[in-house]
There are 2 protein chains.
Amino acid sequence: MTEKLSASLEDYIEAIASLAGSSGETRAADIADAMGVSRPSVTVALRGLASRKLVFYKPYSTVSLTENGRNLAAAVSRKHRILSRFFNEILGADEQLADEAACRVEHAIGEEITDRLVEFLAFIDNCPMAVEGGFEFNSTKRQNFRNEGAKNGKN
Amino acid sequence: MTEKLSASLEDYIEAIASLAGSSGETRAADIADAMGVSRPSVTVALRGLASRKLVFYKPYSTVSLTENGRNLAAAVSRKHRILSRFFNEILGADEQLADEAACRVEHAIGEEITDRLVEFLAFIDNCPMAVEGGFEFNSTKRQNFRNEGAKNGKN
DNA sequence: TGGTAATATTAGCCTTATCTAACTTTTGTC
DNA sequence: GACAAAAGTTAGATAAGGCTAATATTACCA
């Protein structure tokens, strides 16, 4: 159905959703600034997104997402959040590294893997055993097993 | 230091390492067949890899990896194995899906995330609590991730 | 040793994604 | 309401990565 979008266009969609806020609208210059690309690149991307019916786009005007665009943006953002949490909270990567990795990986995993990762995170959050075993995934604490493991000096 | 390689060239390096076997050599046609790509595409890729000193390449001859090439191939393959294990054994994705996702994600994570994932898998393998916690991620087979995880050897 | 099959490369084209420079449209201010 | 600044687009490049068709090289074998 939804012809898989390139990583680049997914990034544009994600940025537009993030910038659109409550008004639902944003402009090319803001997208360019937010993404660190040139304005002509944004024009090209918007045409690509418009041709796929993911944004409402008229030259020299503001941009907003279609319903499909919003859905797609939500899906990508969800992957991003989940991955970032996994890298940071479970693996213990610092927030910046976790976020950078999430930015790239979000384009590489599908819904099934994402759903399973969600289940996994939920499990960890509710698993007292994991805490006793050395995990500290308490929603407040955000530590990870590495800290515990290091003490036990496993080479 | 090691100027980050494109996902495409990493795939070529990985395929070459896999095909080279004990002789250490392989040919463009085999690479093309293995990767499902045309032979001219292989020629172009080999030039790119040769210019980065990752393969020994002379027109109309066999190809082999340099030491840097082998190291890079090993690093990529390691990511692939670890990710595939994680997706399959911990998240419960079937082997094919796990492998496909690993193929894409392997180009998107760095060494630090990979190292942390290795530690995490090791932790899970040695965590009896997790078993008792009844962690079940494979909705169809209802496999316990511990049982799956235990039977596999090294990362 | 010559000829053909297999292998590899070149040539030329396409797509995606990016850029800068130049031009056009819109907006905001006096 | 005119005009300059801001915003957006067009034009023209570059680079990576892929393809097919045509050409070149190598290898095998009778």
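Order of the sequence lines fixes the chain letters, A, B, ..., with proteins taken first and strands second; residue numbering starts at 1 for each chain.
Minimum atom distance to the side chain of B:Arg27 is reached by C:dT7, of the listed C:dT10, C:dT7, D:dT9. Among the nucleotides C:dT10, C:dA17, D:dG18, the one closest to any side-chain atom of B:Thr43 is C:dT10.
Per the geometry, CD belonging to B:Glu25 stands 16 Å off P belonging to D:dT26, to the nearest Å. If you measure from atom CG of B:Asp11 to atom P of D:dG18, you get 8 Å, rounded to the nearest angstrom. Atom P of nucleotide C:dT10 and atom CG of B:Leu46 are separated by 12 Å, given to the nearest angstrom. Straight-line distance from the CZ atom of B:Arg47 to the P atom of D:dG17: 13 Å, rounded to whole Å. A:Arg39 has its CZ atom 10 Å from the P atom of D:dA6, to the nearest Å. One can place CE of A:Met35 at 11 Å from C1' of C:dT18, the figure rounded to the nearest angstrom. Rounded to a whole Å, the NZ atom of A:Lys58 is 12 Å from the P atom of D:dT9. Atom CD of A:Glu10 is separated from atom P of C:dA17 by 11 Å (rounded to the nearest Å).
Residues B:Tyr12 and B:Leu19 share a single hydrophobic cluster, defined by chaining ILVMFWY side chains whose heavy atoms lie under 4.5 Å apart.
Checked for salt-bridge contact, B:Arg85 and B:Asp99 miss the test: no charged N lies under 4.0 Å from a carboxylate O. For the pair B:Lys79 and B:Glu111, the salt-bridge criterion is met [side-chain N within less than 4.0 Å of a carboxylate O].
Within the structure, a side-chain polar atom (N or O) of B:Tyr57 is placed less than 4.0 Å from OP1 or OP2 of C:dT9. Contact annotation: B:Ser8 reaches the phosphate of D:dG18 (side-chain N/O to OP1 or OP2, under 4.0 Å). The side chain of A:Ser41 places no N or O atom within less than 4.0 Å of a non-bridging phosphate oxygen (OP1 or OP2) of C:dA17. A close approach under 4.0 Å does not occur between any side-chain nitrogen or oxygen of A:Ser6 and OP1 or OP2 of C:dT16. Close to C:dC23, at under 4.0 Å from its OP1 or OP2, lies no side-chain N or O of A:Tyr60. The side chain of B:Tyr12 contributes an N or O atom lying less than 4.0 Å from OP1 or OP2 of D:dG18.
Within 6.0 Å of NZ on A:Lys58 lie no more than 12 heavy atoms contributed by other residues, nucleotides or ligands.
Across all strands shown, A:Val42 has no heavy atoms under 4.0 Å from either base or sugar-phosphate atoms. Nucleic acid contact for B:Val44: none, since no nucleic acid atom lies under 4.0 Å from a heavy atom of the residue.
Each of A:Ala7 and A:Pro40 was matched to the nucleotide of DNA chain C holding its nearest heavy atom; the match closer to the 5' end belongs to A:Ala7. Nearer the 5' end of DNA chain C, as judged by each residue's closest nucleotide, is the contact made by B:Ala29, out of B:Ala29 and A:Ala45.
Pairing each heavy atom of A:Ile13 with each of A:Leu72, the nearest pair is CG2-C, 4.3 Å.
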